[in-house]
**Q** 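First, the structure itself, so that you have it in front of you.
Keep in mind that what you see is a predicted model, and the values were worked out from it rather than measured.
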Amino acid sequence: MPITLSITELLSRALIEDKRYMQYINGFLNTLKITGGALLVGVVIGVLIAAVRTSFDKNQEAMKLKGGLGYYILAVLNSICKIYLTIIRGTPVVVQLMIMYFVIFASSSNGVLVGILAFGINSGAYVAEIFRAGIMSIDEGQFEAGRSIGFNYVQTMRYIIIPQMFKAVLPTLLNEFIALLKETSVAGYVGVIELTKAGNIIGGRIFEYFIPLAIVALIYLTTVLILTALVSRLERRLKKSER
């Protein structure tokens, strides 16, 4: 007859025996490393792409009339950005991750670093659109104010527009961080032992998957609820500061 274990015994096997709780902790730390690193990469990519695309959109007509090499350089960069956005947003992140790990960085054994790059490049496409929307929402008078004090376009973007844009899109950016946190659960496809992979490994060792995966789900849920609460508090503070 099959032996039926109690919930307490299953929890003990999934958490206590062989210090398996450390596997959850290490997996969660890898999840946070990939998520945090990917968001930083995504922010850098997003700022650059948003700056190129908004610069082209806002100055296209004037630069076209003026002519010169600058217009053609910006047009080429804008086209490259559009191609990047189309490819990244049109393909699954797990496929991009596997291409990065098994093809582009096939000689690397650092799965966490490859994960950071893969998820960062993927996130950059979405962050770029967030930033672009934020820049386009800034009143045109802010650009004129920058010119009136002697700033060129780049200086106006750097010192006036981008700081305001970050304030406007910060809640949305944090929501992208939450979405990215959950997306990293597919990093196990390339051998990275993040939180989900850790739960799956433990399930295979104790021949019981429900309890380990339920623990993983609970950790994700708790983390997302905490981050969501922080985003809500931040949104309330930003609204108060605008009054």
**Q** Are F105 and V93 linked, directly or through other ILVMFWY residues, by side chains that come within less than 4.5 angstrom of each other?
**A** yes
**Q** Are any non-hydrogen side-chain atoms of Y24 and I202 less than 4.5 angstrom apart?
**A** yes
**Q** Quick one: does I34's side chain get under 4.5 Å of V112's, heavy atoms only?
**A**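 Heavy-atom side-chain distance check passes, below 4.5 Å.
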**Q** Can you see whether Y101 engages S108 through a side-chain donor-acceptor pair at a distance of less than 3.5 angstrom?
**A** no
**Q** Excluding sequence neighbours, so at least two apart, what forms side-chain hydrogen bond (donor to acceptor under 3.5 Å, both in side chains) with D57?
**A** R132
**Q** Any side-chain heavy atom of M136 sitting closer than 4.5 Å to one from M165?
**A**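 The answer is no, as the side chains (C-beta and beyond) never meet within the 4.5 Å cut-off.
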**Q** Counting neighbours of OH on Y189 that are heavy atoms of other residues, nucleotides or ligands and sit closer than 6.0 Å, is the number greater than 12?
**A** no
**Q** Let me confirm one number: the CZ-OG1 distance from R233 to T228, rounded to the nearest 0.5 Å.
**A** 13.0 Å
**Q** Same cluster for I193 and I25 if Ile/Leu/Val/Met/Phe/Trp/Tyr side chains link at under 4.5 Å?
**A**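 No, it is not one cluster - the side chains of I193 and I25 are not joined through contacts under 4.5 Å.
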**Q** For the side chain of N78 and the backbone of F56, is there at least one donor-acceptor N/O pair under 3.5 Å apart?
**A**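 A pair under 3.5 Å: no.
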**Q** Is any side-chain heavy atom of F131 closer than 4.5 Å to a side-chain heavy atom of I162?
**A**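 F131 does not reach I162 side chain to side chain.
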**Q** Does Y84 use its side chain to pair, donor to acceptor, with the backbone of I121 at less than 3.5 Å?
**A** yes
**Q** Would you say T223 and L181 make side-chain contact, with heavy atoms under 4.5 Å?
**A**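 Yes; the side chains approach each other to less than 4.5 Å.
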**Q** Taking C-beta and beyond as the side chain, do I178 and N175 meet within less than 4.5 Å on heavy atoms?
**A** yes
**Q** Does E129 pair with R53 as a salt bridge, N-O distance under 4.0 Å?
**A**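 Between R53 and E129 there is a salt bridge, with a charged N closer than 4.0 Å to a carboxylate O.
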**Q** Could you list the residues that satisfy side-chain hydrogen bond (donor to acceptor under 3.5 Å, both in side chains) with N110, not counting sequence neighbours?
**A** none
**Q** As an exercise, state the distance from OG1 of T54 to CD1 of I49, rounded to the nearest 0.5 Å.
**A**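 One gets 11.5 Å once the value is rounded to the nearest 0.5 Å.
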**Q** Per the side chain to side chain contact (heavy atoms under 4.5 Å, CB included) rule, which among L218, I219, L225 passes with T222?
**A**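 In the set L218, I219, L225, the residue that makes a side chain to side chain contact (heavy atoms under 4.5 Å, CB included) with T222 is L218.
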**Q** Does L74 share a hydrophobic cluster with I80, counting links as ILVMFWY side-chain heavy atoms below 4.5 Å and allowing steps through other members?
**A**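 No, L74 and I80 fall in different hydrophobic clusters.
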**Q** Please confirm whether the backbone N or O of G120 pairs with a side-chain atom of S123, one donor and one acceptor, at under 3.5 Å?
**A**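 Side chain of S123 to backbone of G120, a donor-acceptor pair under 3.5 Å: no, none is there.
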**Q** Rounded at 0.5 Å granularity, tell me how far CD1 in I215 sits from OH in Y21.
**A**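 With rounding to 0.5 Å, CD1 (I215) is 13.5 Å from OH (Y21).
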**Q** Roughly how far, to the nearest 0.5 Å, is CD1 of I206 from CD1 of I201?
**A**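 Answer rounded to 0.5 Å: 12.5 Å.
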**Q** Is a donor on one side and an acceptor on the other found under 3.5 Å between the side chain of T31 and the backbone of L195?
**A** yes
**Q** Taking E208 for the side chain and F210 for the main chain, is one N or O donor matched with an acceptor at less than 3.5 Å?
**A** yes
**Q** Looking only at atom types and distance, does a side-chain atom of Q164 sit under 3.5 Å from a main-chain N or O of I160, one as donor and one as acceptor?
**A**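 Side chain of Q164 to backbone of I160: a pair is present.
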**Q** What's the spacing between N26 CG and E194 CD if we round to 0.5 Å?
**A** 12.5 Å
**Q** Are a donor atom and an acceptor atom from the side chains of Q96 and T91 found within less than 3.5 Å of each other?
**A** yes
**Q** Count the heavy atoms of every other residue, nucleotide or ligand shown that sit under 6.0 Å from CG of L85, and state whether that count exceeds 12.
**A**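 Counting other residues, nucleotides and ligands, CG of L85 exceeds 12 neighbours.
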**Q** Treat each ILVMFWY residue as a node, draw an edge where side-chain heavy atoms are under 4.5 Å apart, and state whether V44 and I130 are in one component.
**A** no
**Q** V114, L29: one ILVMFWY side-chain cluster at the under-4.5 Å cut-off?
**A**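 Yes, same cluster.
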**Q** Using only atom types and a distance under 3.5 Å, with no angle test, would you say the side chain of S79 pairs donor to acceptor with the backbone of A75?
**A** yes
**Q** Under the ring-ring contact (aromatic ring centres under 6.0 Å, His included) rule, collect the residues that match up with Y159, sequence neighbours excluded.
**A**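 Residues passing ring-ring contact (aromatic ring centres under 6.0 Å, His included) with Y159: F151.
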**Q** Quick one: does I45's side chain get under 4.5 Å of V127's, heavy atoms only?
**A** no
**Q** Do K197 and V192 touch side chain to side chain, with heavy atoms closer than 4.5 Å?
**A** no
**Q** Counting distance only, does the side-chain N/O of D18 pair as donor-acceptor with the main-chain N or O of R20 below 3.5 Å?
**A**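 Here the side-chain-to-backbone pair does not exist.
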